[in-house]
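Data first, discussion second: the structure below is written as structure tokens.
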Amino acid sequence: MLTMLLFFLALGAVAGVLAGLLGIGGGLVLVAALAWFLPLHGVPREVAMHAALASSMASIILTASSSAWSHHRRGGVLWSTVAWLVPGILVGAWFGSRFAIGLDGEVLKWCVAGYCFVVGTQMALSRARKGSGRGDIAPRGAPMVAAGGGIGAVSAVVGIGGGSMTVPLLVWLGVAPVRAVGTSSACGVFIGLSAAAGYALQAPAGALPAHAVGYVYLPAAIGVAVASVLAAPLGTRLAHAISGAALKRVFAGFLFLVGLSLVLW
């Protein structure tokens, strides 16, 4: 039990740094690590991916909150943009979790791994839009609501806080990378809330053997969240100290490594 607790705390610390640095809530590294670890502690392998996704989403609520607050204190969150994205996010994440519950664990594994490779390649090869990076740009309007729906749905299926979609979208629309990360962190709070509720309330009865609400494995969700909240401010400081181009390279490399670990699962 002590080993399991220490693992969740260490994993939470890594997730917290990534949340502040990349605006992703650490979701992808959580999903990969939990998919490997949970079957060793009584979670059946056939539902381990579901539990990993659900627990990741639950922990993201606090992780992203800590990261968003740190970015907010530095003026790095575009709250008007968040307000336009959130309605779509809430609906999309709820239905995304419902869709994921109906998929086989092996199918979910390949969904997450494929997502990592596609987005990692996009981030590695993309170039900043001409005129991007202005601090006064705050995208808003109905298209952002629709974008939020897509971001929420995909995030729930692959267990992330949405940063690997929200950050590139905002950067393409002209937002400075570090402010895109901060805004993404704020959106991640609402993605986590809606998706975690979906995985908890829409799961079949007795989905996990013990210590769970639906597919949310509580020891993992709570242990990771506690440590990640403390570590997120460190990632935020790093994000404000690293150039936008370097941040994108870190982002891409991170996604490739996580995708590879899932292929080997």
Side-chain angles (χ1 to χ4, degrees), residues 1 3-16 18-19 24-67 93-94 96-105 108-109 111-113 115-116 152 154-163 188-232 258 261-262 265:
M1 186 67 179
T3 300
M4 181 171 66
L5 177 60
L6 292 175
F7 173 82
F8 290 145
L9 291 173
L11 185 58
V14 173
L18 291 172
I24 58 175
L28 287 169
V29 72
L30 288 178
V31 171
L34 291 174
W36 282 93
F37 188 78
L38 290 178
L40 302 177
H41 291 272
V43 175
R45 181 180 169 86
E46 58 268 22
V47 294
M49 278 300 299
H50 296 83
L53 291 167
S55 303
S56 171
M57 300 311 300
S59 69
I60 280 172
I61 298 169
L62 288 182
T63 307
S65 295
S66 178
S67 174
W94 176 268
S97 63
R98 183 172 183 172
F99 174 76
I101 286 172
L103 296 179
D104 180 76
L108 279 176
K109 178 191 82 169
C111 287
V112 179
Y115 176 84
C116 290
V154 174
S155 296
V157 173
V158 298
I160 62 172
V189 177
F190 299 96
I191 292 173
L193 283 168
S194 183
Y199 278 112
L201 300 177
Q202 300 179 100
L208 296 183
H211 310 302
V213 178
Y215 279 121
V216 178
Y217 189 64
L218 294 176
I222 295 171
V224 167
V226 169
S228 64
V229 165
L230 299 176
V258 173
S261 73
L262 284 169
W265 183 67

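Everything numeric in this text was worked out from a predicted model, so none of it was measured.
- With contacts defined as side-chain heavy-atom distances shorter than 4.5 Å, the pair M49/V31 qualifies.
- Considering only heavy atoms from C-beta on, L30 comes within 4.5 Å of S59 through its side chain.
- When side chains are defined from C-beta on, Y115 does not count as touching V157, because their heavy atoms never get closer than 4.5 Å.
- Residues I60 and I191 fail the side-chain proximity criterion, which asks for heavy atoms closer than 4.5 Å.
- Nearest heavy atoms, Y215 versus S55: O-OG, 4.1 Å.
- The distance from atom SG of C111 to atom CG of L103, rounded to the nearest 0.5 Å, is 6.0 Å.
- A 4.5 Å side-chain heavy-atom check between F8 and L34 finds at least one atom pair inside the cut-off.
- Taking the six-membered ring where the residue is Trp, Y217 and H211 present perpendicular rings, their angle passing 60° and hence far from 30°.
- Here the CG atom belonging to L193 is positioned 9.5 Å from the CE atom belonging to M57, to the nearest 0.5 angstrom.
- No side-chain donor-acceptor contact under 3.5 Å links S194 to the backbone of F190.
- The distance from atom CG of L262 to atom NZ of K109, rounded to the nearest 0.5 Å, is 8.0 Å.
- When all heavy atoms of Y199 and A100 are compared, the pair lying nearest together is OH-CB, 3.1 Å.
- For the pair L38 and A52, the tightest heavy-atom approach, listed with the atom from each and the gap, is CD1-N, 4.0 Å.
- Of all the heavy atoms in A156 and A93, the pair that sits closest is CB-O, 3.4 Å.
- Q202 places a side-chain heavy atom less than 4.5 Å from the side chain of S97.
- Closest of all the heavy-atom pairs between A221 and V216 is CB-CG1, 4.1 Å.
- Side-chain contact between P204 and I101 is present, with heavy atoms from C-beta onward closer than 4.5 Å.
- In terms of heavy atoms, A32 sits closest to V258 at CB-CG1, 4.0 Å.
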